[in-house]
Amino acid sequence: MPTAPSSTEQAAVGRTYAVSASPWSLAEIRRAVADTGHLLRFRSGTVRRPAVIRTIWMVVVALTAAAVLGPLLAPGAGADEGLALNTLIILPTFMIGFLGLTVAAAVASGGGRELLSGEDAVAFPVSPTTDHLGALLMAPLNIGWILQAWFLLGATTFAHGLDALPWLLTIVVLWLVLATALGQVIAWSVESVRRRRHGVAIVRTAGVAVAVLLAWLQLSGHLNDVLDQVPTLELVVAGLQGFSVAWVVAVTSLLALTAVALVLGGVACHSAARRQTRDALKVETQHFAAQPTPRTLWGMLVRIDRASVWRAVPMRRGMLVLAVGPGLIAFAGGLTWENVIILPGLVASGGALLYGVNAFALDGRGGLWRETLPVDPQRVWTARSWVMAEWLLAASVITVVLAALRAGVPTASEVAAVLCLLLVVTVQVVSTSMRWSVTRPFAVNLRSARATPAPPTVMVGYSAKLALSTTLTAMVFSTASWAAPWHVVVLLAVPFLAWSAFRWWRAGLVWTDASSRAAVVTTVAA
């Protein structure tokens with residue numbers, strides 16, 4: 001009699017069926033939607049404190065409402081002149097910038113974040129269409145997506161006042177959805193090419209070519225001509241006309257393009273799912289030559305932590321996007337120093353969401369070996385924090401340097417504000433991330449470019465908290481840059497640094513406790 005297939009064979013059959021299923025079929029779409037709902041309920045059921053998650057969702061909704069309604073209370077909101085008019089003129093360019101950041105984030109993560117990890121998908125296979133829909137739902141968890149979306153919504157209501165709420169705001173919201181869907185289409189297409197033979201070289205060459213082309217367009221003065229070809233201007237004009245034929249056509253077009261993008265994203269995801277990730281496999285099989293032993297224990301600890309970060313595929317890709325992406329957008333838009341000051345908080349928060357909120361997960365099972373070494377736990381804690389600070393500070397500095405190329409000559413107060421904010425948000429994010437790393441560790445595999453350091457529902461809370469804290473801090477220093485002399489700005493940084501240092505020290509006490517440290521190490525090694 002034939003025997004029942006093993007679980008491995010069943011998983012293999014499931015994956016074969018999932019990949020071979022046509023992404024165009026209605027049955028596949030219905031099954032993918034149902035599976036995505038099951039995964040969301042499964043993820044929600046694994047939350048340790050559901051009440052906290054509900055509270056976080058309420059906070060996110062409240063912040064979104066504040067981003068939409070708050071600018072209406074600002075002086076000059078909806079006026080036909082001044083800052084409101086300038087914001088309305090630049091609004092189409094902001095929409096293009098949101099699309100660019102969404103595409104860059106999705107490409108860097110290898111098609112988008114995972115709703116179901118690759119290890120779990122071996123036992124519970126899902127179709128690439130389901131994976132595609134999960135990546136779409138995970139896209140707003142990116143802190144850059146959240147902040148840019150809030151900024152776009154706030155700029156819309158500030159530029160056009162109450163008249164923007166029913167008409168222009170609808171256009172902008174639909175654009176956010178379409179841009180996210182288009183980002184997934186491009187990301188899955190790039191990932192499909194990257195997984196082919198010589199695909200990594202092709203993608204890197206294409207990325208450099210695009211960067212060179214954008215730089216040439218900017219320096220030659222043709223960038224505005226190219227941006228004018230993107231129909232965001234027509235969309236804004238249609239929203240300004242209120243309920244009209246143009247508005248109906250714009251809404252219908254956005255909905256139709258979104259539907260097409262959803263289907264094309266599924267097709268591209270199916271194409272990528274048939275191939276292995278070459279860059280991740282290269283890291284797994286690569287041999288590294290032995291390095292000379294550092295002279296000090298500190299040097300050894302820092303080198304181990306640096307290697308664990310820089311050898312991880314998602315860290316390298318994320319570093320490039322975080323450091324270069326916002327800086328290029330600021331360079332193209334010619335942001336003033338008052339706006340450039342806000343960028344370090346965005347970059348530092350995004351870097352922490354790559355791995356910092358679960359910093360010890362990079363050790364994995366190696367953490368068990370590291371715990372057998374005769375090393376003071378406090379030194380391990382300090383070295384891990386130092387490497388994270390290096391990572392965040394380097395990305396923030398690159399962003400500020402790129403943005404400064406067209407920001408003009410800063411005043412002394414603006415220079416002090418930028419330098420102090422770089423230091424403040426770095427220490428702030430490091431202290432918060434390290435505290436989360438020891439109080440809420442998770443067992444995740446960060447070798448995959450699509451992995452997240454915590455479950456999706458937890459990442460929502462992390463994104464909202466980091467976005468709120470760093471944005472408020474940046475606004476304080478941005479206001480001080482034009483309202484106070486430089487020495488007052490420097491003194492303003494002292495309480496921020498002192499409070500963050502105290503929180504970091506207090507979290508370090510948790511790590512130095514043997515039982516707490518054992519809980520962290522065994523959790524991430526599971």
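By convention here, the first residue in the shown sequence is residue 1.
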Next on the checklist: With a 4.5 Å cut-off on side-chain heavy atoms, are Phe360 and Tyr355 touching?
Outcome noted: no
Item to check | Donor-acceptor contact present, side-chain Arg384 to main-chain Ala359, <3.5 Å | outcome: yes
Checklist entry - Run the side-chain contact (heavy atoms from CB on, under 4.5 Å) check on Thr64 and Trp150 step by step: do they pass? => result CA-CA 6 Å; Thr64 304; Trp150 287 344; 3.1 Å; yes
Item to check | Shortest non-hydrogen contact from Gln184 toward Ala106 | outcome: NE2-CB, 3.8 Å
Next on the checklist: Closer than 3.5 angstrom, by distance alone: can the side chain of Ser478 be matched with the main-chain N or O of Ala474 as a donor-acceptor pair?
Outcome noted: no
Item to check | Reported CG-to-CD1 distance for the pair Leu101 and Ile96, which is rounded to 0.5 angstrom | outcome: 13.0 Å
Checklist entry - Quick one: are Thr523 and Phe442 in side-chain contact, heavy atoms under 4.5 Å? => result no
Item to check | Listed partners of Arg306 passing salt bridge (Lys or Arg N to Asp or Glu O under 4.0 Å), at least two apart | outcome: Glu390
Next on the checklist: Return the CZ to CG distance between Phe94 and Leu99, rounded to the nearest 0.5 Å.
Outcome noted: 15.0 Å
Checklist entry - For Trp386, does the CH2 atom have more than 12 heavy-atom neighbours from other residues, nucleotides or ligands under 6.0 Å away? => result no
Next on the checklist: Contact between Trp511 and Arg435 at the side-chain level, heavy atoms closer than 4.5 Å - yes or no?
Outcome noted: no
Checklist entry - Would a 4.5 Å heavy-atom cut-off, applied to side chains only, mark Ile171 and Thr156 as touching? => result no
Checklist entry - Are any non-hydrogen side-chain atoms of Leu182 and Val103 less than 4.5 angstrom apart? => result no
Checklist entry - Counting distance only, does the side-chain N/O of Ser349 pair as donor-acceptor with the main-chain N or O of Leu346 below 3.5 Å? => result no
Item to check | Which residues share a side-chain hydrogen bond (donor to acceptor under 3.5 Å, both in side chains) with Thr471, sequence neighbours left out | outcome: none
Checklist outcome for this item: Between Pro453 and Val357, the two heavy atoms sitting closest are CG-CG2, 3.5 Å
Check: residues 374-381 side-chain donor-acceptor pairs under 3.5 Å, at least two apart:
| unit_1 | atom_1 | unit_2 | atom_2 | d |
| --- | --- | --- | --- | --- |
| Asp376 | OD1 | Gln378 | N | 3.3 |

Checklist entry - Please walk me through it: do Ile398 and Leu402 pass side-chain contact (heavy atoms from CB on, under 4.5 Å)? => result CA-CA 6 Å; Ile398 293 174; Leu402 290 175; 4.3 Å; yes
Checklist outcome for this item: Taken to the nearest 0.5 Å, the spacing of Leu152 CG from Thr157 OG1 works out to 10.5 Å
Donor-acceptor list for residues 413-422 side chains, cut-off 3.5 Å, not counting sequence neighbours:
| unit_1 | atom_1 | unit_2 | atom_2 | d |
| --- | --- | --- | --- | --- |
| Ser413 | OG | Ala484 | O | 2.8 |
| Ser413 | OG | Trp486 | N | 3.2 |
| Glu414 | OE1 | Thr411 | N | 2.9 |

Checklist outcome for this item: Closest heavy-atom pair, Pro441 versus Val524, reported as atoms and distance to 0.1 Å, is CB-CG1, 4.2 Å
Item to check | Heavy-atom pair of closest approach, residues Ala361 and Val444 | outcome: CB-CG2, 3.9 Å
Checklist entry - Do Leu168 and Val236 have side chains that get closer than 4.5 Å, going by heavy atoms? => result yes
Item to check | Distance, nearest 0.5 Å, that separates CD1 of Ile304 from CG of Leu373 | outcome: 7.5 Å
Next on the checklist: So, taking the atom named CD1 in Ile146 and the one named CG in Leu466, what distance separates them when rounded to the nearest 0.5 Å?
Outcome noted: 10.0 Å
Checklist entry - According to the salt bridge (charged side-chain N to carboxylate O under 4.0 Å, His left out) rule, which pairs have a member within residues 506-516, sequence neighbours left out? => result none
Checklist entry - Would you say Met388 and Val429 make side-chain contact, with heavy atoms under 4.5 Å? => result no
Item to check | Exercise: do Ser481 and Trp337 side chains pair donor with acceptor under 3.5 Å | outcome: no
Checklist entry - Between Leu354 and Trp391, is a side-chain contact (heavy atoms from CB on, under 4.5 Å) present by the stated rule, with each step listed? => result CA-CA 11 Å; Leu354 287 175; Trp391 163 275; 3.5 Å; yes
Next on the checklist: Quick check: Phe158 with Phe151 (ring centres under 6.0 Å apart)?
Outcome noted: no
Checklist entry - Got Leu353 and Ser463 here, is their nearest side-chain heavy-atom distance under 4.5 Å? => result yes
Checklist entry - For atom CH2 of Trp482, is the number of surrounding heavy atoms from other residues, nucleotides or ligands below 6.0 Å larger than 12? => result no
Checklist outcome for this item: Sorted by chain and residue number, the ring-ring contact (aromatic ring centres under 6.0 Å, His included) partners of Trp175 (sequence neighbours excluded) come out as none
Item to check | Exercise: identify the closest heavy-atom pair between Ala383 and Val302 | outcome: CB-CG2, 4.1 Å
Next on the checklist: Set out, in order, the CA-CA distance, both residues' side-chain angles and the distance that settles side-chain contact (heavy atoms from CB on, under 4.5 Å) for Trp504 and Val427, then state yes or no.
Outcome noted: CA-CA 9 Å; Trp504 173 83; Val427 177; over 6 Å; no
Item to check | Polar side chain donor-acceptor pair, Ser469 to Gln428, under 3.5 angstrom | outcome: no
Checklist entry - If you look at every heavy atom in Pro344 and Ser396, which pair is closest and at what distance? => result O-OG, 3.7 Å
Item to check | Distance (rounded to the nearest 0.5 Å) between Leu233 CG and Met95 CE | outcome: 10.0 Å
Checklist entry - Do side-chain atoms of Thr522 reach the backbone of Ala519 as a donor and acceptor pair under 3.5 angstrom? => result yes
Checklist entry - Hey, does the side chain of Ser385 reach the backbone of Met434 with a donor-acceptor pair shorter than 3.5 angstrom? => result no
Checklist entry - Is Ser516 reaching over with its side chain to a backbone N or O of Thr512, donor-acceptor style, under 3.5 angstrom? => result no
